[in-house]
J.: 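Mind having a look at this structure? Questions to follow.
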Amino acid sequence: MTTSETAPRPVTDAPRHTGAHVIATYVIETSIALERAAEILAGEQSTGTFVRVERESDEVRARFAAQVESVQEVPLTGASPLPGSVGDPAARRRAILRLRFPLDNFGPSMPNLLAAVAGNLFEIKELAAIRLLDLELPAPFEERYGGPAFGIEGTRRLMGRPDGAMVGTIIKPSIGLAPAELAEVVGELAAAGIDFIKDDELQGNGPSAPLRARVEAVMPVLHRHADRTGVMPMYAFNITDDLDRIEANHDLVVAAGGTCVMACVNLMGLAGLDLLRRHTQVPIHGHRAMLGSVARSDQVGIAFRAWQKLARLAGADHLHTNGISNKFYESDAEVLDSIDAVRTPLLGLTPTVPVLSSGQWGGLAHATYAAVRSTDLLVLSGGGIHGHPDGAAAGVASMRDAWASAERGETLEQALAASGPLRRAAERFGPARA
C-alpha cells in the first residue's frame, strides 16, 4: 500500500471568487411558462425569495444568482403531478433545463452544494415534476475530495485478479448465520475461486453476529487460503454505523488483515463517506441502499447519473449499478446507462469499479459483455451462486466460465456446450441471454 493511498487528505479552504460554477440539469413539469418556472427555480435556490427584497441588488444578483443556461421542451410522460402542485393540468408542459450556480455560493462542499442544487426546490408548488438529472462539477471539487484511493487497479491488485471480470457474491442468507457458519461459507467460496465476498447491507453490527465476531471468524479462513494458494479473496465487511464508530470499525477490519470495507452511502451520507475515505487503508465498497427512495420516480428526486458523481467524489472505490434482468425496477437501458455513468471519467479521479448485482447469474454474462464491452466490472451473484443446483462451487464455476467465454468472443451456445456448471445453472435460472 502506497503512502498516497493511506495518507489523510488535508482539508482545504474554500476558494475565493473563483468564477467557477456548477451546472445542474433538471427535468421539470409546470403549468406556468417554462421560462418563468426556470427563473423561479433559479431564484429560490440562490439569491431570491417569493418577492425581490431591498438588498437583492443587481450587483448581488449578477455575482450570486443562479442563471438559466437553457430550457428545452420535451414531451409529457403522462405521470401524475406531485402532491400540492398548482396550475391547470391542461396547460402542463415538460422541459429539460440547465442552471448555472456560482461556486462562490457554496464552495467545493458537497453538503452545501446539495443545499443549492437539491434543497427546497423539490417543494416548489409551481412544479408538477422536478428531478435532478446530472451535475457538471469544476476542478475545486476534485481538489477538495480526491475520489477513490484504490479504484479498479488497486482492487484488482488486492484481490489477485489482474484481468477478466471480477466475480463475487453476497453472503446468503443475508442475516441469520452464526459467525462459525459464516466462516464455513467463506471457506467454501474461497476454495471455489471466488474473487470477492461481501456482507449483505442488512448485516451490520447487530448482537446476533457483531462485526468483531464476523471479522474474527472470517479472516483466519481467508489467511489460511492465501497461505495455500498465494491469493486471498477480498471480503467487504459492512462497517456502516454511526459516524463516531466508523473509524474504529474500519480499524478492526484492517488490524485483522482485511482488504475491504463496505459503506452504505445513503445511510452514512456523503460527508460520512468522505470521513471514511480520509481514514481508510483499504478499498471502500459503496452500496446504494435506499437510492430508490430518491431515484425511482421520473417525477421527483435525484437520478443515478447525478448521484454517482457525488459518491465517487466522496471516495467510493466500488459502486453498485444493478445488472441487466435484475429483480428491481430498473430497465436494462437504465442499468446500462448507470454502468456507463460510473465508467465515464470524472474530473481526474481514479476510476471506480461498477458493481453489477441483483438477480445476476452466468447466463447474463454474454448479453452484459456485448453491451458494456469491458470486464473492468465486479459482478455479484448471490442466489446465482448459492442457489446453483450443484452447490456454490459450481455456481462460481458457472460465472467464471460464462464471463471467460464472453470475453473470448464465443457465442452463448458455445459457452453452454463447453461448461457443465453453466448448463446446470441454465436449468435452474434460465433461459440465458445472448
J.: Going by heavy atoms in the side chains, are Ser297 and Arg131 under 4.5 Å from each other?
T.: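 No. Closest side-chain heavy atoms not under 4.5 Å.
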J.: Please name all residues satisfying ring-ring contact (aromatic ring centres under 6.0 Å, His included) with Trp403, sequence neighbours left out, ordered by chain then number.
T.: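 Listed in chain order: nothing, the list is empty.
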J.: Would you mind writing out the side-chain donor-acceptor pairs for residues 106-130 within the sub-3.5 Å range, not counting sequence neighbours?
T.:
| unit_1 | atom_1 | unit_2 | atom_2 | d |
| --- | --- | --- | --- | --- |
| Ser109 | OG | Asn112 | N | 3.4 |
| Ser109 | OG | Asn112 | ND2 | 3.0 |

J.: Applying the side-chain contact (heavy atoms from CB on, under 4.5 Å) criterion to Lys309, which one of Leu349, Leu347, Leu346 satisfies it?
T.: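 It is Leu346, the one option of Leu349, Leu347, Leu346 that forms the side-chain contact (heavy atoms from CB on, under 4.5 Å) with Lys309.
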J.: On a heavy-atom basis, which atom in Ala42 and which in Val68 lie closest, and how many Å separate them?
T.: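 Reported closest heavy-atom pair: CB-CG2, 4.3 Å.
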J.: What's the verdict on side-chain contact (heavy atoms from CB on, under 4.5 Å) for Thr30 and Leu34, showing C-alpha distance, side-chain angles and the deciding distance?
T.: CA-CA 7 Å; Thr30 184; Leu34 292 175; 3.7 Å; yes
J.: Looking only at heavy atoms, which two atoms of Val253 and Cys260 are closest? And how far apart?
T.: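 Shortest heavy-atom contact: CG1-O, 3.8 Å.
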J.: Among residues two or more places apart or on two chains, list those pairs meeting ring pair (Phe, Tyr, Trp, His ring centres under 6.0 Å) that have a residue in residues 407-434.
T.: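 The answer is Trp361-Phe429.
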J.: A side-chain contact here means heavy atoms from C-beta on lying under 4.5 Å apart; do Glu201 and Leu267 qualify?
T.: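 Glu201 does not reach Leu267 side chain to side chain.
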J.: Filter on ring pair (Phe, Tyr, Trp, His ring centres under 6.0 Å), then keep only pairs touching residues 162-195, sequence neighbours left out; what's left?
T.: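 Sorted pair list comes back empty.
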J.: For a quick check under 3.5 Å, do Ser405 and His366 share a side-chain donor-acceptor pair by atom type?
T.: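 Indeed, the side chains of Ser405 and His366 share at least one donor-acceptor pair under 3.5 Å.
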J.: Where do Asp200 and Lys172 come nearest, in terms of heavy atoms and distance?
T.: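 Heavy atoms only, the tightest pair is OD1-NZ, 3.3 Å.
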J.: Nearest heavy-atom pair of Leu103 and Pro140: which atoms, and what distance?
T.: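 Distance-wise, the nearest heavy atoms are CD2-CG, 3.7 Å.
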J.: Nearest 0.5 Å, please: how far is CG in Leu99 from CD in Glu69?
T.: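 So the gap between those two atoms works out to 8.5 Å.
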J.: Taking ring-ring contact (aromatic ring centres under 6.0 Å, His included) as the definition, give me every residue that meets it alongside His320, ordered by chain and number, with sequence neighbours left out.
T.: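 So His320 forms a ring-ring contact (aromatic ring centres under 6.0 Å, His included) with His285, His287.
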J.: Kindly state each residue pair satisfying salt bridge (charged side-chain N to carboxylate O under 4.0 Å, His left out) with at least one member in residues 71-83, sequence neighbours excluded.
T.: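 Checked against salt bridge (charged side-chain N to carboxylate O under 4.0 Å, His left out) - neighbours excluded - the pairs reaching residues 71-83 are Glu73-Arg93.
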J.: Would you mind listing every ring pair (Phe, Tyr, Trp, His ring centres under 6.0 Å) that reaches into residues 214-265, with sequence neighbours excluded?
T.: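 Listed by first then second residue: Tyr235-Phe237, His250-His279.
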J.: How long is the straight-line distance from CD1 of Ile171 back to CD1 of Ile197, given to the nearest 0.5 Å?
T.: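 Those atoms lie 5.5 Å apart.
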J.: Got a sec, which pairs hit salt bridge (charged side-chain N to carboxylate O under 4.0 Å, His left out) with one end in residues 246-269, sequence neighbours left out?
T.: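 For residues 246-269, and leaving out neighbouring residues, there are no salt bridge (charged side-chain N to carboxylate O under 4.0 Å, His left out) pairs at all.
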J.: With rounding to the nearest 0.5 angstrom, report the CZ to CG distance, Arg296 to Leu291.
T.: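 Nearest 0.5 Å value for the CZ-CG distance: 11.5 Å.
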J.: Less than 4.5 Å apart, any side-chain heavy atom of Arg156 and any of Pro162?
T.: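 Not touching, per the 4.5 Å side-chain cut-off.
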J.: Using side-chain heavy atoms (C-beta onward) and a distance below 4.5 Å, is Met234 in contact with Pro283?
T.: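 In contact.
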J.: Determine yes or no for a side-chain-to-main-chain donor-acceptor pair under 3.5 angstrom, with Thr169 supplying the side chain and Ser381 the backbone.
T.: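 Yes; at least one donor-acceptor contact below 3.5 Å.
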J.: Please report the C-alpha distance between Glu334 and Phe304 in whole Å, then the side-chain angles of each, then the deciding distance to 0.1 Å, and finally whether the side-chain contact (heavy atoms from CB on, under 4.5 Å) criterion is met.
T.: CA-CA 9 Å; Glu334 290 172 312; Phe304 181 85; over 6 Å; no
J.: Using a strict threshold of under 4.0 Å (side-chain N to carboxylate O), is an ion pair present between Asp134 and Arg98?
T.: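 No, Arg98 and Asp134 are not salt-bridged.
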J.: Does the side chain of Leu319 reach to within under 4.5 Å of the side chain of Trp307, using non-hydrogen atoms?
T.: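 In short, these two side chains touch, coming nearer than 4.5 Å.
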J.: So, Asp317 and Arg277, do they make that salt bridge, N to O below 4.0 Å?
T.: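 Salt bridge absent between Asp317 and Arg277.
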J.: To the closest 0.5 Å, what do you measure between CG (Leu275) and CG (Asp244)?
T.: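 Rounded to the nearest 0.5 Å, the CG-CG separation comes to 10.0 Å.
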J.: Without placing hydrogens or testing angles, list every side-chain donor-acceptor pair under 3.5 Å for residues 391-400, not counting sequence neighbours.
T.:
| unit_1 | atom_1 | unit_2 | atom_2 | d |
| --- | --- | --- | --- | --- |
| Ser398 | OG | Gly395 | O | 2.7 |
| Arg400 | NH1 | Asp195 | OD2 | 2.9 |
| Arg400 | NH2 | Gly193 | O | 2.7 |
| Arg400 | NH2 | Asp195 | OD1 | 3.3 |
| Arg400 | NH2 | Asp195 | OD2 | 3.3 |

J.: Once ring pair (Phe, Tyr, Trp, His ring centres under 6.0 Å) is applied, what residue pairs with a partner in residues 368-400 remain, sequence neighbours excluded?
T.: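 Pairs touching residues 368-400 that pass the test: none.
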J.: Among Ile96, Asp298, Leu97, Thr77, which residue satisfies the side-chain contact (heavy atoms from CB on, under 4.5 Å) criterion with Val27?
T.: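 Answer to the side-chain contact (heavy atoms from CB on, under 4.5 Å) test with Val27 among Ile96, Asp298, Leu97, Thr77: Ile96.
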J.: How long is the span from the CG atom in Leu356 to the CG atom in Leu380, to the nearest 0.5 Å?
T.: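 With rounding to 0.5 Å, CG (Leu356) is 8.0 Å from CG (Leu380).
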J.: Go through the steps to decide whether Arg408 and Gln414 satisfy the test side-chain contact (heavy atoms from CB on, under 4.5 Å), and finish with yes or no.
T.: CA-CA 11 Å; Arg408 289 192 297 266; Gln414 289 173 313; over 6 Å; no
J.: Go through the steps for Ser338 and Glu330 under the test side-chain contact (heavy atoms from CB on, under 4.5 Å), then give the verdict.
T.: CA-CA 10 Å; Ser338 294; Glu330 289 176 302; 4.0 Å; yes
J.: Which pairs with one or both residues in residues 416-434 pass salt bridge (charged side-chain N to carboxylate O under 4.0 Å, His left out), sequence neighbours excluded?
T.: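 Residue pairs with at least one partner in residues 416-434: Asp332-Arg433, Asp390-Arg424, Arg424-Glu427.
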J.: Give the minimum heavy-atom separation between Asn326 and Phe328, together with the two atoms involved.
T.: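 The answer is OD1-N, 2.7 Å.
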J.: Would you call Ile175 and Ser208 a side-chain contact if the rule is heavy atoms closer than 4.5 Å?
T.: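 A side-chain contact is absent here, since even the closest heavy-atom pair is not under 4.5 Å.
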J.: Keeping Arg288 on the side-chain end and Gln308 on the backbone end, is there a donor-acceptor pair under 3.5 Å?
T.: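 Between the backbone of Gln308 and the side chain of Arg288 there is no qualifying donor-acceptor contact (under 3.5 Å).
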J.: Please name the pair of heavy atoms, one in Gly204 and one in Asn238, separated by the smallest distance, quoted to 0.1 Å.
T.: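 Residues Gly204 and Asn238, closest heavy atoms: CA-ND2, 3.9 Å.
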J.: Tell me every residue that passes salt bridge (Lys or Arg N to Asp or Glu O under 4.0 Å) with Arg245, counting only those two or more places apart in sequence or in another chain.
T.: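 Salt bridge (Lys or Arg N to Asp or Glu O under 4.0 Å) check on Arg245 returns Asp241.
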J.: Side-chain contact test, heavy atoms from C-beta onward, threshold under 4.5 Å: evaluate it for Asp376 versus Pro351 and give yes or no.
T.: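 No, side chains not in contact.
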J.: Testing Leu222, Val221, Ile194 for side-chain contact (heavy atoms from CB on, under 4.5 Å) with Leu189, which one passes?
T.: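 Passing option: Ile194.
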J.: Is the shortest heavy-atom distance from the side chain of Val379 to the side chain of Thr368 under 4.5 Å?
T.: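 No, side chains not in contact.
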J.: Find the distance between OH (Tyr26) and CD (Gln45) and round it off to the nearest 0.5 Å.
T.: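 Going from the OH atom of Tyr26 to the CD atom of Gln45 covers 6.5 Å.
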